[in-house]
Amino acid sequence: MPADLSTPTTKGKTPTVIRVLVLATFVVILNETIMINAIPRLMSDLHVTEVAAQWVSTAFMLTMAAIIPTTGWFLQRVTTRQAYAAAMGVFIAGTVISALAPTFAVLLIGRVIQAGGTAVMMPLLMTTLMTVVAEQDRGRVMGNVTLAISVAPAMGPVISGLILQIAIPGIDSWRLLFVVMLPIAGLVTWLGLRQLENVGEPQPGTLDLPSVALAALGFGGLVFGLSKFHGDSYSTAALITAGGVALIAAFALRQVSLQRNGTPLLDLRVLLQGTYTKALVLMSVAFLAMMGSMILLPLYLQNLRGLSPLETGLLVMPGGLAMGLLGPTVGKLFDKFGGRLLVIPGSIGIAASLAGFTQISMDMPYWQLLGLHILLMVSLAAAFTPVFTLGLGALPMHLYSHGSSMLGTIQQVAAAFGTALVVTVMSARSTSLIEEGTSPAVATLDGMRLAFLISALLALIVIAMAVLLPNRAAADPHAAPVQDAADAPELVKN
């Protein structure tokens with residue numbers, strides 16, 4: 001007899017399955033940004049340019065964007081334990097390859113494999129949470145999940161800054177970032193497989209390989225094309241970008257067709273829910289702004305202000321900690337008062353902090369930089385938890401896995417877009433000024449200001465979406481009842 005799918009398995013407490021998945025997700029997503037502080041070291045040790053070196057982060061996010069569209073399908077075809085074991089196994093394999101990489105190309109391969117494992121974890125966590133946590137508790141639990149999906153990327157530069165200070169003869173300091181991660185990932189995998197229980201039962205279905213290829217090539221081509229907008233390669237970059245957009249359009253058309261007579265890789269009907277779509281846009285632009293600032297700040301602090309990776313990490317650590325500590329509080333406030341009280345001020349704070357960064361100079365006081373970064377992180381914390389909960393809560397249960405996959409896909413594309421955008425704008429502006437006779441340091445600083453200005457302007461979209469979001473989520477009244485949906489996952493009683 002199927003369980004009543006409209007009734008979650010827990011009220012008032014966080015289930016063990018969520019605790020395990022949050023811990024694992026924190027570990028794997030931490031790697032998304034852990035290489036940011038190592039970019040100057042990579043440029044020196046592996047003899048690559050700044051634009052090439054930033055691909056250790058962009059390739060990670062891009063791979064996630066290419067793979068996450070398959071996770072909605074994947075999570076409905078395997079058990080929770082199988083998905084967890086596969087994700088962590090692939091992640092550990094990529095970490096080993098990265099640690100031993102003899103060249104920059106091999107390092108990128110390792111990062112891509114790492115990202116393949118990471119791509120499964122966030123949709124697995126979000127889908128499971130929305131299935132087993134009672135609606136009145138979702139804000140509180142989602143606040144704890146913020147530690148994994150938001151604080152982990154923010155803490156990456158802090159942790160990497162500390163590790164990069166360790167000097168071991170004969171070992172490049174950036175390799176330690178992966179060496180340190182290996183035993184932690186192994187321990188988390190072992191603990192997870194001991195405690196994790198299955199939530200849901202696998203459903204039959206076939207994998208549409210053309211959809212997989214279109215998603216990977218489309219999103220990959222788009223971000224790669226955007227990253228090529230520097231120097232004299234504008235025509236080539238425009239062609240690659242246009243090709244990526246065309247492939248993404250073909251992917252979307254194929255999903256619409258499969259929704260009528262097959263099994264879509266990514267069910268686009270989630271976009272028919274207005275609240276979900278607004279949340280999707282807000283999260284994407286906010287994540288774009290966050291990742292852009294996290295790329296620019298280390299370059300500014302280390303290359304222009306002369307700080308070490310450790311000093312850079314310590315400067316941004318208070319913001320990351322504030323974001324993490326506020327997560328549970330924000331979740332409780334959301335459960336009590338709804339989303340607008342948090343999301344609207346948070347969105348304004350995001351735009352204000354990015355506007356403040358446009359005033360950076362060679363002698364800007366560090367306390368001002370610290371204050372702006374804390375404001376950005378606190379504002380993001382106020383926005384992320386309510387927006388995730390409102391967006392997914394607006395969907396019927398049988399679309400949770402597709403909704404979380406769509407959210408993860410667009411979020412990673414936005415992050416990769418933000419990374420490529422700020423580096424490209426900075427490089428183009430500084431190159432132009434240098435050709436006019438400006439000193440390299442002043443030219444780079446001006447390029448960074450322009451990149452922050454563009455991020456601040458984009459943050460105005462975040463404010464617009466925040467105003468349009470409702471205070472509470474309401475599932476589509478025209479959707480079939482959750483317990484009657486043929487493809488809804490069945491809860492397994494523990």
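Along the sequence shown, the residues carry numbers beginning at 1.
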Side chains of [X] and [Y]: does their closest heavy-atom pair fall under 4.5 Å?
X	Y	answer
F357	M448	no
M181	F91	yes
M323	V378	no
L433	E436	yes
M377	L380	yes

With distance as the sole test, does [X] use its side chain to make a donor-acceptor pair with the main-chain N or O of [Y] at under 3.5 Å?
X	Y	answer
T71	I67	no
T358	A355	yes
D267	H402	no

Problem - Spacing of CD1 belonging to I410 relative to CG belonging to L288, to within rounding of 0.5 Å - result: 12.0 Å
Fill in the blank from the handout: Here the gap from L450 atom CG to L445 atom CG, rounded to the nearest 0.5 Å, amounts to 11.5 Å
Distance-only donor-acceptor hits, side chain of residues 278-287, under 3.5 Å, sequence neighbours excluded:
{"from": "S284", "atom 1": "OG", "to": "L280", "atom 2": "O", "distance (Å)": "2.7"}

Side chains of residues 243-259: which donor-acceptor partners sit under 3.5 Å, not counting sequence neighbours?
{"from": "R254", "atom 1": "NE", "to": "D208", "atom 2": "OD1", "distance (Å)": "3.4"}
{"from": "R254", "atom 1": "NE", "to": "D208", "atom 2": "OD2", "distance (Å)": "2.6"}
{"from": "R254", "atom 1": "NH2", "to": "D208", "atom 2": "OD1", "distance (Å)": "2.8"}
{"from": "Q255", "atom 1": "OE1", "to": "L265", "atom 2": "N", "distance (Å)": "2.8"}
{"from": "Q255", "atom 1": "OE1", "to": "L266", "atom 2": "N", "distance (Å)": "3.2"}
{"from": "Q255", "atom 1": "NE2", "to": "S211", "atom 2": "OG", "distance (Å)": "2.8"}
{"from": "Q255", "atom 1": "NE2", "to": "F251", "atom 2": "O", "distance (Å)": "3.3"}
{"from": "Q259", "atom 1": "OE1", "to": "L268", "atom 2": "N", "distance (Å)": "2.7"}

Practice task
Decide whether a cation-pi geometry holds between R305 and Y366; the criteria are a distance under 6.0 Å from NZ or CZ to the six-membered ring centre and an angle within 45° of the ring axis.
Solution key: yes
Handout entry: S430 and T444: side chain donor to acceptor below 3.5 Å
Key = no
